[in-house]
J.: 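Before I ask anything, let me first share the structure, which is written out below as structure tokens.
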Amino acid sequence: MPIRIGESSSSLQERVEEACSVDLSQCYECGKCSGGCSTTHLMDYTPRKIIQLIKLGYCDILYNSDALWLCVGCHLCVDRCPAQIDIPRIVDYLREQAYQQGIKPTREQVVTFNALMLGSVFKRGRVSEATLMLQFNLRTRRYFKDAQLGTKMLVKGKVNPFVPGVKGTRELRRLFRGKPAGKER
Amino acid sequence: MEVAYYPGCSLHSAAREYDMSTRLVCRHLGISLKEIKDWNCCGATAAHSLDHLLAVSLGARNLALLDGMKMTRVTSPCANCYSRLKAAAHELQHDEILKTEVERILEAPVPCGVEVLSLLEMFVTQVGIDTIAENVSKPLKGMKLAAYYGCLLTRPSRISGFDDPEQPVSMDRLLEGLGAETVDWSHKAECCGAGFTAAEVGIVLDLGGQVLEAARQAGAEALVVACPMCQLNLDTRQGAIEANRGTRYDLPVMYFTQLMGLAFGYSPRVLGLKRLLTSPFPLLKTKGLL
């Protein structure tokens, strides 16, 4: 039975379970997810606590948490979970909700980078790493970030701004469903 | 053997040497790689963390393109591209509602039952380590290597279905087949910091630093990778990691295909070994491999 503290509590758990095809009642709070997590030492709420917060219906805490933007997607948690709860999928779901609701992320640069990358996919279907890095540095006003490294990589031929794009861009753009991909709010 | 090839964006830019060496060793082993015509970016972390439906759709478009080529088996050398494509194929196969929606957006049918293999998996399961070993003309004698798998080659295990999720051995066996020695170490499948390389570089210095330190403590002379992101983080950020930890590592980070090529007798130039920031040449010289 989902814990029903208020109207919102059960609905969050149910929404997560529906969207992510998971059964949170299977979680017995063993904490193996948090033990395995690559970035747990940096998080405000560990994966185990995230599951509990979902059960308690704490949307606001979850959508504003630093943990959402620190999950690196390494999948150690789900592979260690005795109940095989797909925690990376849950974190993706929460991130997407927070992003769609325009909640200011604790790690704005992570979102900026991801949005710029999607912008490149929208425009060209592919990503040129060099162009993306340059765009990111300009957008975040860190004009000289990695300049030295960039030069070294240029010398090694690791910088190619001319990655050819896909031909079927119209068809590809349909996949974005009219959403302003890569356009930051 | 014919197999569709999904190189991904990195293999056209920062990881071109991975593409070069992959094509070379595949040709050597009689594998014909058919690049997916007009493939698109997998969306990587950016797509799946901001727009799940988009992430699946991007994979679906690539799967549909495969269908047009009448191919049912595809390999990707990039761990991220492989993982995203396989995850999309898995979800579309197990979720009929999602599949219908994606096909409506894509305006094309998405094929079921496409076999998605990582390049390492293809070599180990379809070619076989014995066959690879038979092709060795210049054994990598005396090299002590740390096989580094990273996150996405083996995880999540219910989707990848390949090797052990945390203690994988396939790359170790392959490298041993090439005549090298591999070290037992703790960080084979730990995370390097992945996509945080631009936005939260501190995390890469932290996690990547732990990987390099573990390899050093295990006595490795170089790391071997099968992922452009792992290579980028451990090689190009190695200088910053060294400054951060106050330890000099000087550990070359090579693609496993480069080492296969070397053992098959190809020159370091055609394998793009010069393109690595931490030069492997002093090591290769001491082992008589140049």
Side-chain angles (χ1 to χ4, degrees), chain A residues 19 21 38-39 42 70-76 78-80 84 86 88-89 91-93 95-96 99 107 109-118 120-121 125-130 132-133 136 146 149 152-153 156-161 163-164 166-168 171-172 174-177 179 181, chain B residues 8-10 12-16 38-41 43-55 57-58 60-61 94-95 102 105-108 150-152 154-158 165-166 189-191 193-196 198-201 203 206-207 232 236-237 239-240 272 274-277:
Chain A
S21 313
S38 294
T39 46
L42 305 169
L70 286 170
C71 166
V72 70
C74 68
H75 295 274
L76 275 164
V78 53
D79 269 354
R80 287 192 182 183
Q84 297 183 333
D86 193 347
R89 176 71 192 99
V91 175
D92 277 347
Y93 173 80
R95 270 198 283 234
E96 189 172 339
Y99 181 66
R107 309 268 166 166
Q109 294 191 346
V110 173
V111 180
T112 303
F113 183 82
N114 289 344
L116 284 172
M117 181 161 172
L118 287 188
S120 172
V121 179
R126 292 181 192 170
V127 175
S128 155
E129 289 156 335
L132 179 61
M133 290 297 266
F136 177 74
D146 292 330
L149 182 60
K152 264 196 225 168
M153 289 179 69
K156 290 282 185 181
K158 282 191 166 276
V159 177
N160 178 13
V163 175
V166 305
K167 292 194 188 79
E171 150 205 312
L172 189 116
R174 264 205 316 269
L175 309 182
F176 287 77
R177 313 176 311 283
K179 282 192 193 175
Chain B
C9 304
S10 288
H12 277 257
S13 49
R16 218 172 66 224
D38 212 38
W39 57 264
N40 56 264
C41 171
T45 308
H48 76 71
S49 65
L50 296 183
D51 187 342
H52 176 250
L53 188 54
L54 173 67
S57 306
L58 288 169
R61 182 176 177 273
H94 292 88
D95 189 338
V102 168
I105 297 165
L106 190 64
E107 295 175 18
C151 306
L152 299 175
T154 59
R155 285 194 302 269
S157 57
R158 91 198 132 81
E166 293 195 50
E190 296 290 320
C191 181
F196 283 136
E200 287 288 340
V201 70
I203 294 177
D206 175 5
L207 300 184
L232 199 74
T236 65
R237 297 285 180 206
K274 272 196 177 159
R275 291 169 49 85
L276 308 177
L277 260 66

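Lettering of chains follows the sequences in order, A, B, ..., and the numbering in each one begins at 1.
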J.: Would you mind checking which part of L175(A) comes under 4.5 Å of any heavy atom in chain B, side chain (CB onward), backbone (N, CA, C, O), both or neither?
T.: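 Contact with chain B is through both the backbone and side chain of L175(A).
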
J.: Return yes if some donor-acceptor pair links the side-chain N/O of R126(A) with the main-chain N/O of C9(B) below 3.5 Å, else return no.
T.: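 Such a contact is absent between R126(A) side chain and C9(B) backbone.
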
J.: Using only atom types and a distance under 3.5 Å, with no angle test, would you say the side chain of R107(A) pairs donor to acceptor with the backbone of A199(B)?
T.: no

J.: Under 4.5 Å heavy-atom distance to chain B, tell me which part of V163(A) shows up: side chain, backbone, both or neither.
T.: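 Side chain only.
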
J.: Looking only at the side chains, is there a donor atom on one of S49(B) and D92(A) sitting less than 3.5 Å from an acceptor on the other?
T.: no

J.: Quick check for you: among R158(B), H94(B), R16(B), which has the greatest number of heavy-atom pairs under 4.5 Å with chain A?
T.: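 Top count of heavy-atom pairs under 4.5 Å with chain A: R158(B).
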
J.: Among C151(B), P156(B), A44(B), which residue forms the greatest number of heavy-atom pairs with chain A at distances under 4.5 Å?
T.: P156(B)

J.: Tell me, out of G150(B), A46(B), A55(B), who's got the most heavy-atom pairs with chain A below 4.5 Å.
T.: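 When all of G150(B), A46(B), A55(B) are compared, A46(B) has the most.
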
J.: Would you say that L277(B) contacts K158(A) through its side chain, given a criterion of any heavy-atom pair below 4.5 Å between the two side chains?
T.: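 With C-beta onward as the side chain, the pair touches.
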
J.: Heavy-atom distances under 4.5 Å only: say whether L106(B) touches chain A with side chain, backbone, both or neither.
T.: both

J.: Please answer whether the main-chain N or O of S157(B) pairs with a side-chain N or O of D79(A) as donor and acceptor at a distance below 3.5 Å.
T.: yes

J.: Using heavy-atom distances under 4.5 Å, tell me whether V127(A) contacts chain B through its side chain, its backbone, both, or neither.
T.: both

J.: Answer with yes or no whether the side chains of E129(A) and S10(B) bring together a donor and an acceptor at under 3.5 Å.
T.: yes

J.: Is it the case that the side chain of K156(A) and the backbone of K274(B) share a donor-acceptor pair, with hydrogens and angles ignored and the cut-off at 3.5 Å?
T.: yes

J.: Considering only heavy atoms, which portion of V121(A) lies under 4.5 Å from any heavy atom of chain B: side chain, backbone, both, or neither?
T.: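 The side chain, not the backbone.
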
J.: If you take all heavy atoms of A194(B) and V72(A), which pair is closest and at what distance?
T.: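 In terms of heavy atoms, the two residues are closest at CB-CG2, 4.0 Å.
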
J.: E96(A) versus H48(B): any side-chain heavy-atom pair under 4.5 Å?
T.: no

J.: Does either side chain, that of R89(A) or that of H52(B), offer a donor lying less than 3.5 Å from an acceptor on the other one?
T.: yes

J.: Hey, what do you get for SG (C41(B)) to CG (L118(A)), rounding to the nearest 0.5 Å?
T.: 8.5 Å

J.: Please flag which part of L50(B) lies under 4.5 Å from any non-hydrogen atom of chain A: side chain, backbone, both or neither.
T.: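 Its backbone and side chain both get close to chain A.
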
J.: With the side chain counted from C-beta on, respond yes when K179(A) and L54(B) share a heavy-atom pair under 4.5 Å apart, and no when they do not.
T.: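 Contact flag for K179(A)/L54(B) side chains = no.
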
J.: What option among T39(A), V91(A), D146(A) has the most heavy-atom pairs under 4.5 Å with chain B?
T.: D146(A)

J.: Non-hydrogen atoms of chain A under 4.5 Å away: do they reach the side chain of L53(B), the backbone, both or neither?
T.: both

J.: Going by an N to O cut-off under 4.0 Å, is there a salt bridge joining D51(B) and R177(A)?
T.: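 A salt bridge links D51(B) with R177(A).
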
J.: What part of R275(B) lies closer than 4.5 angstrom to a heavy atom of chain A: side chain, backbone, both or neither?
T.: both

J.: Between L132(A) and chain B, with a heavy-atom cut-off of 4.5 Å, which part of the residue counts as in contact: side chain, backbone, both or neither?
T.: neither

J.: Can any side-chain N or O of N40(B) pair as donor or acceptor with the backbone N or O of V166(A) at less than 3.5 Å?
T.: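 No, because the side chain of N40(B) does not come within donor-acceptor range (under 3.5 Å) of the backbone of V166(A).
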
J.: List the steps and the verdict of side-chain contact (heavy atoms from CB on, under 4.5 Å) for V78(A) and R155(B).
T.: CA-CA 9 Å; V78(A) 53; R155(B) 285 194 302 269; over 6 Å; no

J.: Roughly how far, to the nearest 0.5 Å, is OG1 of T236(B) from CG of L149(A)?
T.: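 L149(A) CG to T236(B) OG1: 5.0 Å, rounded to 0.5 Å.
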
J.: How about L76(A) and E190(B): do any of their side-chain heavy atoms sit closer than 4.5 Å?
T.: yes

J.: So L70(A) and I203(B), do their side chains get closer than 4.5 Å, heavy atoms only?
T.: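 With C-beta onward as the side chain, the pair touches.
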
J.: Passes side-chain contact (heavy atoms from CB on, under 4.5 Å), F113(A) versus E200(B)? Steps please.
T.: CA-CA 10 Å; F113(A) 183 82; E200(B) 287 288 340; over 6 Å; no

J.: Just so I understand: if I count every heavy-atom pair under 4.5 Å between each of L276(B), T45(B), D95(B) and chain A, which residue has the most?
T.: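 It is L276(B).
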
J.: I'd like to verify something: which residue of A19(A), S38(A), P164(A) has the highest number of heavy-atom pairs under 4.5 Å with chain B?
T.: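 Ranked by heavy-atom pairs under 4.5 Å with chain B, first place is S38(A).
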
J.: Among the options L207(B), V102(B), T154(B), pick out the one with the most heavy-atom pairs lying under 4.5 Å from chain A.
T.: L207(B)

J.: Got F196(B) and V110(A) here, is their nearest side-chain heavy-atom distance under 4.5 Å?
T.: yes

J.: Could you tell me if the side chain of E171(A) sits less than 4.5 Å from the side chain of R61(B), heavy atoms only?
T.: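 R61(B) reaches E171(A) side chain to side chain.
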
